[in-house]
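Worksheet for the structure shown next.
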Number of protein chains: 2
Amino acid sequence: MIRKYSYGVPYDTEAVVGAYEIGMDLPSWLTVEEEGRRFSCLLAEEEQVFGLGEQVRGMNKRGWRYVSWCSDDPYHLETARSLYGAHNFLMITSPDRTVGLFVEDPGRVTFDVGYTRRDRLTIETEGDGTALYLIEGGGPLEVAKMFRQLIGRSYIPPRWAFGYGQSRWSYFSAGEVKAVAEEYRKAGIPLDMIYLDIDYMESYKDFTVNGETFPDLGALAAELKEQGVRLVPIIDAGVKVEEGYPVYEEGVQKGYFCENEDGTPFTGAVWPGWVHFPDVLNPAARAWFGDWYRVLLDRGIEGFWNDMNEPAIFYSRARLDALEGERRDAVAAGKPAREALASLQEPVKQLSNRLEDYRSFWHNTPAGRLRHDKVHNLYGGSMTRAAGEAFVRYAPDKRLLLFSRSSYIGSHRYGGIWTGDNYSWWSHLLLNLKMMPGLNLCGFLYTGADLCGFGGDTTEDLMLRWMALGVFLPLMRNHSAMGTRRQELYRYPESRKAFGEMVKLRYRLLPYLYSEFMKAALRDELYARPLAFLFPEDPMAREVEDQLFIGESIMIAPVYTQNAGGRYVYLPERMKLVRFRTAETWEEEVLDKGHHYIPVALDEVVFFLREGHLVPLSDGGGCVEAVTADRLTLLAFGEGAAYEFYWDDGVGVDYEAPEHFKWLHAGTSGEVFHEYPGD
Amino acid sequence: MIRKYSYGVPYDTEAVVGAYEIGMDLPSWLTVEEEGRRFSCLLAEEEQVFGLGEQVRGMNKRGWRYVSWCSDDPYHLETARSLYGAHNFLMITSPDRTVGLFVEDPGRVTFDVGYTRRDRLTIETEGDGTALYLIEGGGPLEVAKMFRQLIGRSYIPPRWAFGYGQSRWSYFSAGEVKAVAEEYRKAGIPLDMIYLDIDYMESYKDFTVNGETFPDLGALAAELKEQGVRLVPIIDAGVKVEEGYPVYEEGVQKGYFCENEDGTPFTGAVWPGWVHFPDVLNPAARAWFGDWYRVLLDRGIEGFWNDMNEPAIFYSRARLDALEGERRDAVAAGKPAREALASLQEPVKQLSNRLEDYRSFWHNTPAGRLRHDKVHNLYGGSMTRAAGEAFVRYAPDKRLLLFSRSSYIGSHRYGGIWTGDNYSWWSHLLLNLKMMPGLNLCGFLYTGADLCGFGGDTTEDLMLRWMALGVFLPLMRNHSAMGTRRQELYRYPESRKAFGEMVKLRYRLLPYLYSEFMKAALRDELYARPLAFLFPEDPMAREVEDQLFIGESIMIAPVYTQNAGGRYVYLPERMKLVRFRTAETWEEEVLDKGHHYIPVALDEVVFFLREGHLVPLSDGGGCVEAVTADRLTLLAFGEGAAYEFYWDDGVGVDYEAPEHFKWLHAGTSGEVFHEYPGD
């Protein structure tokens, strides 16, 4: 059952599809105060809290105070309050009851989940109105599904987006891009995507291409596509202020940029220097900005990543002026050293992403003119919506790849997300895993972290362990920052073979991973599920936060500790351990329910197969389009194992056509080569 | 066997006690290049590398590049290269061989431990000379002991320093300090120390006291000592430049400060504003600076912590001038936004702790006038040596408490260390544990981290788990930074009882913990030992990095994960689980060798007792001086369990007197009340 409550004048974020009656009385366990700006309830000792999407800490969010406020923060430290997305859904669950809460509010929202008091949840909003949805009925899987139905079907990318992608900030030229593809081919490692970071553009101008370094992007895209590799360029939120640049000139002329109070375009500085921000909360401006993607679509580009759309602002003129003012009375004024240092440091620290700036520009929304900070959390997702809506107009029958850095619940219908700039830390490998259920709960199915770590120098063993997790995540992209150690897999002679086998395994697993993704998307279900959701009556399963069910058949338990030769794994039921030493060869071992120490070598990938279930394996391929379902190897546990297999052409949108769904059945031996279609 | 090799003109850091012959030929497994500036060797797959003292990452240091360069860095991130100390000892160990390497070099030293190539260790120095010591013979415990004998006996604090201490940046007045003591007394939580951070001083001037906020420090110290509580003030490295301040005036007059190239005192800015740094590498200046501690000793102070002695430098005049220069051509010059932002940010980032500054001042050392960067890593430890040597002159028969932030091997003879400014992160709880063996190997026995975390807001569950670790560490101090959530234990009504019981348990365990510390110090052994050192033939034991043996009888395995109800523990042999629900009551359970999942509630402390061993428990007390060994409860595993018990008056220095050593034997029941002395 879903009940809606309304306080003040809520902004319609369009997160919810369909209309709901407004309820009158909150249930007695939930207290509302401050005219709907504060909600609170007690948390029983055994109650866990899941959700909040892209956030720090564990799957169970208890014990910290989180703030929904889209922020450009690459560190994701335990004491961070906000990351790139703002995902205001959480679920309180225990064996006794499960309830979901969705706070529809486009401004800053604070979730104190047992931080100030261990036994209390407090949610505080700051805007002019909030809609609250309460969802009850069944356990965590049922409540999750009801919420997902409330917010509408998740974005579905083309199947090739489930391939392996290589990224770097930056590949600076067509030659460099071709060399990366060539090295992957020489190493025999499958590859489906090469990502272009900001340096492919001319002076960081959206929808332009640097003619010197990428003289013919269309030809490059075509040449790579021949090899099964797609080019995926970045698009940033800010539009460079430059006379003669048509995006700028048209936007100014039509009044499609975010405005200062006086109606002139707001100016901030980002990569291109001074920019205006397209007012993607204005439907007309959103359509206009989305149509610009055609410049690249027309050159054969089939996928994009949207970045810097919190929006990140390096500085504004106002902040620079404040900096100058602060400087005048710094050290010379004879302040104590710490204050002097602070008066030098703080204004510089406070140049970027400041609330003062977010309070200084306006949107023309369907609900009228609104100051940015009131609707801040909608911006990035609305930029993605701009592209997603345009893609449907441009190619209604074809899926295109799209994912974003910033997002809100609602934008999950238009694109995926990656979890932003992380670091080459073992703790971020684990965080990658831990974020998955929260993201899925909030509608983001096509998602993943920068494998092997974006910032900082990676290590070879971290890369091996992270890739072994990446094998199972929808978005499998290796990305790294300028100035850091290179992360292309072919650069590590000692581990090249192991990396290659892991990526090949991904392509062998594709029939399973893709099927599971599609079923989750089409049925509003979860692709990655915590043990707690499947075994809510098992106290040990409820506690496990470093294992995940991926789809219906398998559980993963990646190693995330340096110099560890394995790890502990809790099996909530009897399962079959499957250990891949290469993509071709594996070992199986049935293990009883309970605690196990599982050795895992650096070059191995393991998972655990549920009884009565099976995993269809393809013969692999050098790219996703080379992977067929003509012949499947069924890796099964139990004679009666059966599997509902989804397979379509991977690019069309007739998702529900019945011929895409087939049942596979394990042979009497448990594992058989299976001529498909076979049932 | 210890062999010494010499390259160039090594500086005598006095890390080593005694003289060693210079060997001629390095063993063939070790390669030396670049005239002794690079050493390298292969690392076999099964070889582990321990040591490097205060550093990031695991007990086994393989897989990262570390730099010995004393640095003021509170984040201790996985990609950090340097922390506050510089500890150039490491040990390569496998079941086949164990070898220790000590690089005596006071400048920057880089240890690439399987980072660039997974199978190679490379050590690079940058100075004018290096002495290399190779230690072989026996396993890790034997090599560790030989190294510790090489560097001389570790600092031994008074026994009261094993009590619980409460710190805060800052307690601002005598009244505030008294209130803290009073609140602890009212809560019934034992307390031995209250720490004074920088605000007790007048304008941050060393060896002064703010007369308004602390009108009579001597009376305050005496009043608190009546209650069993010692005041422990901080001393910073920098001496404020201020006419009329005698430390400043005398230092200038005697030429005892670090000098610019022209012989005038070098000036940097730290908390007090402009300061000079005492030239603690000059023996005469060191003695002079050390004698200043008498100002506080004479007021009844018996312990100090030395801080900011890397030395941290907020900025220098030269850096400020550089900042001004950089600013002139920042944004207005029309640079691209990122460069403009960088040209605003970088000079500010580069104000503090800069190599350029460390290259701009000189020391008058016994080996002549040397530029600071050549001997940088000796500075902080030499400040501690200044105090330690002065304390022996001042009170030759009495121990005083002393610990430092910065340190080098050699300074372990003069004081302990804490591991500097950490954060209220679960990862720093684990890092606290992981650092212990490396610190012990490098001679630092009296050591610990800021419990519950210095920076960032703590959480109640993190505090409970961190305190449960702190119970077993020599330096048990709860410290937190200005602006963060308060961490005094009495402030948490829900957990006050649990905190109290944990601290009381510490006092009950004192006979054991103190005995083990004293035996380790007097015999040049380790207080905290990895499982790998005790069970080198057990591959699983070799891999465990989140458990520790504390002394001869017990193993600890703290919980370090939020919302976890327990953890996995590997027992390398049959052991007895001892679970304390309060300081008075416990449960015991014998567990077989192997893997176990051990539930541990937030208010519990558990440890694992070795067979044939016992732990003597006192009846507890409100402060260490109230703890007696008149009656001991022997917590034993096995009928024949025996224990060598060390107990002295806790303040004198006749450490080896035979009457301090006694054997305790378990009664036939395994646990008996034991009238002491009983054998």
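Sequence lines set the chain letters: A, B, ... in the order given, protein chains first and strands last, and positions in each chain run from 1.
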*Regarding B/Thr79 and A/Trp425, is there a side-chain donor-to-acceptor distance under 3.5 Å anywhere?*
yes
*So which of A/Arg62, A/Glu78, A/Gln48, A/His596 has the biggest tally of heavy-atom pairs under 4.5 Å with chain B?*
A/Glu78
*Output the option from B/Gly58, B/Pro599, B/Ala564 having the highest count of non-hydrogen pairs under 4.5 Å with chain A.*
B/Ala564
*asked:* What part of B/Leu602 gets within 4.5 angstrom of chain A, counting heavy atoms only: side chain, backbone, both, or neither?
replied: side chain
*Going by atom types only, do B/Glu545 and A/Thr561 share a side-chain donor-acceptor pair under 3.5 Å?*
no
_Options A/Thr116, A/Asp119, A/Thr459, ranked by heavy-atom pairs under 4.5 Å with chain B, top entry_ = A/Thr459
_Contact check, side chains of B/Glu543 and A/Tyr597, non-hydrogen atoms, under 4.5 Å_ = yes
*Looking at B/Met59, B/Arg117, B/Glu460, which one has more heavy-atom pairs under 4.5 Å with chain A than the rest?*
B/Glu460
_Quick check for you: to the nearest 0.5 Å, what is the distance between B/Leu462 atom CG and A/Trp64 atom CH2?_
9.5 Å
*asked:* Using modelled atom types and a 3.5 Å cut-off, is there a donor and acceptor pairing between side-chain atoms of A/Gln562 and backbone atoms of B/Gly63?
replied: yes
_Interchain contact, B/Tyr570 with chain A, by part (heavy-atom threshold 4.5 Å)_ = both
_Could you go through B/Arg485 and A/Tyr115, starting from their C-alpha distance and side-chain angles, then the distance that decides it, and tell me whether this counts as side chain to side chain contact (heavy atoms under 4.5 Å, CB included)?_
CA-CA 11 Å; B/Arg485 191 180 194 181; A/Tyr115 166 77; 3.1 Å; yes
*Does OH in A/Tyr75 sit with more than 12 non-hydrogen atoms of other residues, nucleotides or ligands closer than 6.0 Å?*
no
*What option among A/Gly594, A/Gly565, A/Ser203 has the most heavy-atom pairs under 4.5 Å with chain B?*
A/Gly565
*Is chain B contacted by the side chain of A/Thr458, its backbone, both, or neither, given a heavy-atom distance below 4.5 Å?*
backbone
*asked:* What verdict does the side chain to side chain contact (heavy atoms under 4.5 Å, CB included) test give for A/Trp426 and B/Arg57, after you've listed the backbone C-alpha separation in whole Å, the side-chain angles of each residue and the deciding distance to 0.1 Å?
replied: CA-CA 10 Å; A/Trp426 293 85; B/Arg57 302 214 171 208; 3.6 Å; yes
*Measure B/Met540 against the heavy atoms of chain A and call it side chain, backbone, both or neither at under 4.5 Å.*
side chain
*Over all atoms of both residues, closest heavy-atom pair of B/Asn60 and A/Asn563*: O-ND2, 3.2 Å
*Report the relative orientation of the aromatic rings in B/Tyr568 and A/His595; use parallel for angles under 30°, tilted for 30 to 60°, perpendicular for over 60°.*
perpendicular
*Kindly give the heavy-atom pair with the smallest separation between A/Arg81 and B/Asp457, and that separation in Å.*
NH2-OD2, 2.9 Å
_Please identify, among B/Ser427, B/Gly455, B/Gly456, B/Pro539, the residue contributing the most non-hydrogen atom pairs under 4.5 Å to chain A._
B/Ser427
_Value rounded to 0.5 Å, distance of CZ in B/Arg118 from OG in A/Ser495_ = 6.0 Å
